[in-house]
Amino acid sequence: MNAEFQNLINDAEDHYLASENLYQFKQQISTLSQRLETYELLRDRELEVFQAVADQLQSSFPNLDAQRLNRALEDGLAILRYGAMAMLLNSPTYFQRGLLDCLPERVMAYELEAVEQQLLQFLQVQLSKRIAVVHMSSIQPYLEQVQRSLTLGRITELAVA
């Protein structure tokens, strides 16, 4: 349960929620069903999405060794899984702390910047082919957050060098 939702429940323990808090509570509840449906779709279609992404990465990077390819795919799976859970919880903080605080350094350490950028593009294309626009719009902010994080990590690396 995300902190905002938990705070609303805690606030209601000894008094009724104020109108604005009640509105926030309703918003959380009304979007939960769609977020849950999106989460289930992502979970159920993960294998087919990543098989297509893996095939595309191998075609785009034919000289990439299997270990680095697997590392990139593991990162991609983590991106999708953490993104799905953050989306379900409606918690960008969960995503930031669980994945984005370490992903840029990991990508740079294994010299996978170009591979990961391409992976993100392939992932978005494959998801767009397999889930409805309404579901894609639920996960898209998290994919964009990864894109920004990796771009900022690259800029920071260049500034330090």
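Since the model is a prediction, treat every value here as computed from it, not as a measurement.
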Practice task
Decide yes or no on side chain to side chain contact (heavy atoms under 4.5 Å, CB included) for F50 and L123, but give the supporting numbers first.
Solution key: CA-CA 8 Å; F50 271 92; L123 179 58; 3.9 Å; yes
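- Residue R43 places its CZ atom among more than 12 non-hydrogen atoms of other residues, nucleotides or ligands, all under 6.0 Å distant.
- A pairwise comparison of heavy atoms in E74 and R106 identifies OE1-NH2, 3.7 Å as the closest pair.
- Atom CG in D44 sits 11.5 Å away from atom CD1 in I131 (nearest 0.5 Å).
- When the salt bridge (Lys or Arg N to Asp or Glu O under 4.0 Å) test is applied to E40, no partner is found at least two apart in sequence or on another chain.
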Practice task
Could you walk me through whether Q117 and Q147 pass the side chain to side chain contact (heavy atoms under 4.5 Å, CB included) test, one step at a time?
Solution key: CA-CA 7 Å; Q117 292 291 340; Q147 183 73 43; 2.3 Å; yes
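- A side-chain hydrogen bond (donor to acceptor under 3.5 Å, both in side chains) check over residues 121-141, counting only residues at least two apart or in different chains, returns the pairs Q34-S138, E37-H135, T38-H135, E48-R130, Q56-Q126, Q118-Q121, Q124-Q140, Q126-R130, Q140-E144.
- There is no path of hydrophobic side-chain contacts, each under 4.5 Å, that joins V125 to L143.
- Using a 4.5 Å cut-off on side-chain heavy atoms (C-beta onward), K26 and I29 make no contact.
- Atom CG of L100 is separated from atom CG of L150 by 8.0 Å, given to the nearest 0.5 angstrom.
- Heavy atoms only, all atoms of each residue included: S60 and F122 are closest at OG-CZ, 3.3 Å.
- The ring-ring contact (aromatic ring centres under 6.0 Å, His included) analysis of residues 70-92, with sequence neighbours excluded, yields the pairs Y82-Y94.
- Between L41 atom CG and E46 atom CD the span is 13.0 Å, to the nearest 0.5 Å.
- Closest of all the heavy-atom pairs between A84 and I139 is N-CD1, 3.6 Å.
- To the nearest 0.5 Å, atom CG of residue L32 and atom CG of residue N90 are 9.5 Å apart.
- One N or O on the side chain of R68 and one on the backbone of Y110 form a donor-acceptor pair closer than 3.5 Å.
- Residues V115 and L57 approach most closely at O-CD2, 3.9 Å, considering heavy atoms.
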Handout entry: I79/L120 under side chain to side chain contact (heavy atoms under 4.5 Å, CB included): CA gap, chis, key distance, verdict
Key = CA-CA 9 Å; I79 289 166; L120 281 171; 4.1 Å; yes
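- Contact between A86 and F95 at its shortest, heavy atoms only, is CB-CB, 3.6 Å.
- In this structure, the side chains of L64 and R71 stay at 4.5 Å or more apart for every pair of heavy atoms.
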Exercise for the section: Please test D75 against L99 for side chain to side chain contact (heavy atoms under 4.5 Å, CB included), starting from the C-alpha separation and ending with a verdict. Expected result: CA-CA 9 Å; D75 289 347; L99 181 71; over 6 Å; no
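- The two residues A72 and L112 come nearest to each other via the heavy atoms N-CD1, 4.0 Å.
- Atom OH of Y23 sits about 11.5 Å away from atom CD of Q28, to the nearest 0.5 Å.
- The line from CG of L42 to CE of M85 is 11.5 Å long, rounded to the nearest 0.5 Å.
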